[in-house]
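Remarks on the structure that follows.
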Amino acid sequence: MRVKLNDVLEALDFVNDETQYYYNIKTEQVVMLMDGMNDEEDAELRDDIDENYEDYIVLPGKYEINEYAMMENFIDELNAVDKQDRLYSAIRSKGAFRRFKDSLFDLGLEKNWYQFRDDAYLKIATRWCEENIIEMI
């Protein structure tokens, strides 16, 4: 089995509460299933997954990815205590993701964060492929 690494990374990047991505082992394609969508194509895919579940491998979802933990890990790796304090303060309570991104901008750490995040997503994708014995191309 083979999968395009970019397809897996894109799926991980867009996963949310309403979407779940699957890898079809027969077509070697990543497919998306959205909750609440009732169009014909989505219904057909849902039926196919239900009937042929052995042909599909679920990709990591929102909780397996855990972007909040990623933010904490990023903060932990910073050398400047003042920046750590500011970012930890930003991620406490409601609106954490927005405040975190605003603080990154203010501190000039946006590029650092997105590189860290990309690396974390790559590790998740690589581990998923290894666990499921899928070659990345």
Side-chain angles (χ1 to χ4, degrees):
M1 296 183 297
R2 302 172 1 155
V3 68
K4 292 180 184 175
L5 176 60
N6 284 338
D7 289 349
V8 175
L9 291 172
E10 185 175 300
L12 296 177
D13 194 33
F14 287 107
V15 74
N16 59 46
D17 289 333
E18 290 82 35
T19 60
Q20 181 63 63
Y21 288 86
Y22 295 86
Y23 174 74
N24 182 316
I25 64 173
K26 289 187 176 183
T27 66
E28 297 185 330
Q29 299 293 312
V30 174
V31 296
M32 178 188 70
L33 190 61
M34 278 187 86
D35 279 347
M37 294 296 290
N38 293 320
D39 66 6
E40 190 173 316
E41 185 177 322
D42 195 60
E44 288 176 22
L45 177 58
R46 187 178 312 278
D47 289 345
D48 193 48
I49 291 170
D50 289 343
E51 293 170 13
N52 302 297
Y53 62 89
E54 67 279 351
D55 293 340
Y56 292 89
I57 302 171
V58 67
L59 273 76
K62 176 182 170 181
Y63 297 104
E64 291 89 8
I65 294 169
N66 195 354
E67 196 161 328
Y68 188 86
M70 257 186 237
M71 293 188 307
E72 290 179 317
N73 292 336
F74 173 77
I75 295 168
D76 288 343
E77 291 189 11
L78 292 174
N79 294 341
V81 174
D82 60 325
K83 291 179 181 181
Q84 285 180 319
D85 290 344
R86 171 113 183 250
L87 290 170
Y88 268 122
S89 178
I91 65 171
R92 301 294 180 229
S93 75
K94 203 169 197 147
F97 289 94
R98 169 62 19 216
R99 283 194 315 280
F100 178 75
K101 289 181 181 177
D102 289 345
S103 296
L104 287 171
F105 178 79
D106 293 344
L107 296 168
L109 293 172
E110 285 178 300
K111 283 185 180 182
N112 303 64
W113 160 247
Y114 286 110
Q115 183 61 56
F116 182 90
R117 184 179 177 271
D118 289 348
D119 292 345
Y121 273 70
L122 180 59
K123 288 175 189 173
I124 293 167
T126 301
R127 184 175 60 240
W128 178 83
C129 286
E130 289 171 353
E131 288 171 356
N132 291 287
I133 313 168
I134 299 171
E135 177 188 356
M136 292 184 297
I137 54 173

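As the structure is a computational prediction, the values presented were derived from the model and not from experiment.
- Checked by atom type and distance alone, the side chain of Asp48 never pairs as donor or acceptor with a backbone atom of Glu44 at under 3.5 Å.
- Trp128 and Tyr63 are assigned to two separate hydrophobic clusters, defined by single-linkage of ILVMFWY side chains at heavy-atom distances under 4.5 Å.
- At most 12 non-hydrogen atoms from other residues, nucleotides or ligands lie less than 6.0 angstrom from CZ of Phe105.
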Verdict with supporting geometry, Phe74 and Gln115, side chain to side chain contact (heavy atoms under 4.5 Å, CB included): CA-CA 10 Å; Phe74 173 77; Gln115 183 61 56; over 6 Å; no
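- With a 6.0 Å cutoff to the six-membered ring centre and a 45° limit on the axis angle, Arg117 counts as a cation-pi contact of Tyr121.
- Under a 3.5 Å cut-off, the side chain of Arg86 and the backbone N or O of Leu104 do not form any donor-acceptor pair.
- In this structure the side chain of Leu59 never reaches within 4.5 angstrom of the side chain of Val15, judged on heavy atoms.
- Counting heavy atoms from C-beta on, the side chains of Leu45 and Tyr56 come closer than 4.5 Å.
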Test log, rule side chain to side chain contact (heavy atoms under 4.5 Å, CB included), inputs Val8 and Met136: CA-CA 9 Å; Val8 175; Met136 292 184 297; over 6 Å; no
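- Ion pairing of Asp102 with Arg98 is present here, as a side-chain N (NZ or NE/NH1/NH2) and a carboxylate O approach within less than 4.0 Å.
- With Glu64 contributing its side chain and Gly61 its backbone, the two residues share a donor-acceptor pair below 3.5 Å.
- Here the closest non-hydrogen pair linking Ser93 and Arg99 is OG-NH2, 3.1 Å.
- Put simply, the side chain of Gln20 never gets that close to the backbone of Val58: no donor and acceptor are under 3.5 Å apart.
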Evaluation steps, side chain to side chain donor-acceptor pair (under 3.5 Å), between Asn73 and Glu77: CA-CA 6 Å; Asn73 292 336; Glu77 291 189 11; over 6 Å; no
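- Leu33 contributes atom CG, which lies 5.0 Å from atom CD1 of Ile49 (distance to the nearest 0.5 angstrom).
- Counting only distance, with no hydrogens or angles, the side chain of Tyr21 and the backbone of Glu10 share no donor-acceptor pair below 3.5 Å.
- Distance CG/Asp118 to CH2/Trp113: 9.5 Å, rounded to 0.5 Å.
- Under a 3.5 Å cut-off, the side chain of Thr126 and the backbone N or O of Leu122 do form a donor-acceptor pair.
- At a threshold of 4.5 Å between non-hydrogen side-chain atoms, the residues Leu9 and Asn6 count as touching.
- How far CD1 of Ile65 is from CG of Leu12: 4.5 Å, rounded to the nearest 0.5 Å.
- Considering only residues two or more places apart in sequence or on other chains, Glu28 meets the side-chain contact (heavy atoms from CB on, under 4.5 Å) condition with Met1, Arg2, Tyr23.
- Few gaps surround CZ on Phe97; more than 12 heavy atoms of other groups in view lie less than 6.0 Å from it.
- Once rounded to the nearest 0.5 Å, the distance linking CZ of Phe100 with CG of Leu109 reads 8.5 Å.
- Listed for the Gln84 side chain is a donor-acceptor partner under 3.5 Å among the backbone atoms of Ile75.
- With Asn66 contributing its side chain and Ala69 its backbone, the two residues share a donor-acceptor pair below 3.5 Å.
- For the side chain to side chain contact (heavy atoms under 4.5 Å, CB included) test with Ile57, the passing option among Val3, Asn24, Asn132, Val30 is Asn132; the others fail.
- Rounding to the nearest 0.5 Å gives a distance of 3.5 Å between CD1 of Ile91 and OH of Tyr68.
- In this structure, CG in Asp7 is found 6.5 Å from CD in Gln29, a value given to the nearest 0.5 Å.
- Linking ILVMFWY residues whenever their side-chain heavy atoms come closer than 4.5 Å, directly or via other members, places Met32 and Phe14 in the same cluster.
- In Ile133, the CD1 atom is not crowded: 12 or fewer heavy atoms of neighbouring residues, nucleotides or ligands sit closer than 6.0 Å.
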